[in-house]
Asks: 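The following block contains the structure, expressed as structure tokens.
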Amino acid sequence: MFKGFKNFLMRDDVITVAIGLVVALAFSNLVKAFTDSVINPLVAAAQPDTSGLGLGYQLGAEGNEATFVDLGAFISAIIYFIVFMATIYFFIVLPYKHIQKRRGKTVFGDAPPTKTCPECMSEIAAEATKCKFCASPQPAAAA
């Protein structure tokens, strides 16, 4: 039982995913610090008349954070997401694709073309004429 678990953990793809996750978390902290320290003050400066609350609309009493619709936080979250995903793509996905290509494997590529089986309407490979179930001989019905 433990041997199977150890074999599962020691597979290349599990280790690769674990390393990628750790690196992604580290980049997440870096990008969060960038958006909190650089982007948020720039967005807040876009609308200086909101009593220091940032970019947004005051719905209730002036200066009340509970009734302030904070568009700046939403814009910062969008920028954070874009920067984070770009970082992951350029520093993890592209090098991984390159390494796997050198190994002779294709990852994150386009799906192979498919077509529909004429008998059961399931998806099959483009060069196939029938799916494996329709092409196999059917067992005789019991009498």
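What's counted below: heavy atoms across the whole structure, side chains too, no hydrogens, waters or symmetry copies. Throughout, residue positions are numbered sequentially from 1 according to the sequence presented.
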Asks: When you look at NZ of K115, are more than 12 heavy atoms from neighbouring residues, nucleotides or ligands closer to it than 6.0 Å?
Replies: yes
Asks: Is I82 reachable from F74 through a run of I, L, V, M, F, W or Y residues, each pair having side-chain heavy atoms under 4.5 Å apart?
Replies: yes
Asks: Do L21 and L94 sit in the same hydrophobic cluster, where Ile, Leu, Val, Met, Phe, Trp and Tyr count as joined when their side-chain heavy atoms come under 4.5 Å apart?
Replies: no
Asks: Quick one: NZ on K97 to CD on Q100, what's the gap to the nearest 0.5 Å?
Replies: 11.5 Å
Asks: Side-chain heavy atoms under 4.5 angstrom apart, residues restricted to Ile, Leu, Val, Met, Phe, Trp, Tyr: same cluster for L30 and F91?
Replies: yes
Asks: Is any side-chain heavy atom of Y80 closer than 4.5 Å to a side-chain heavy atom of S28?
Replies: yes
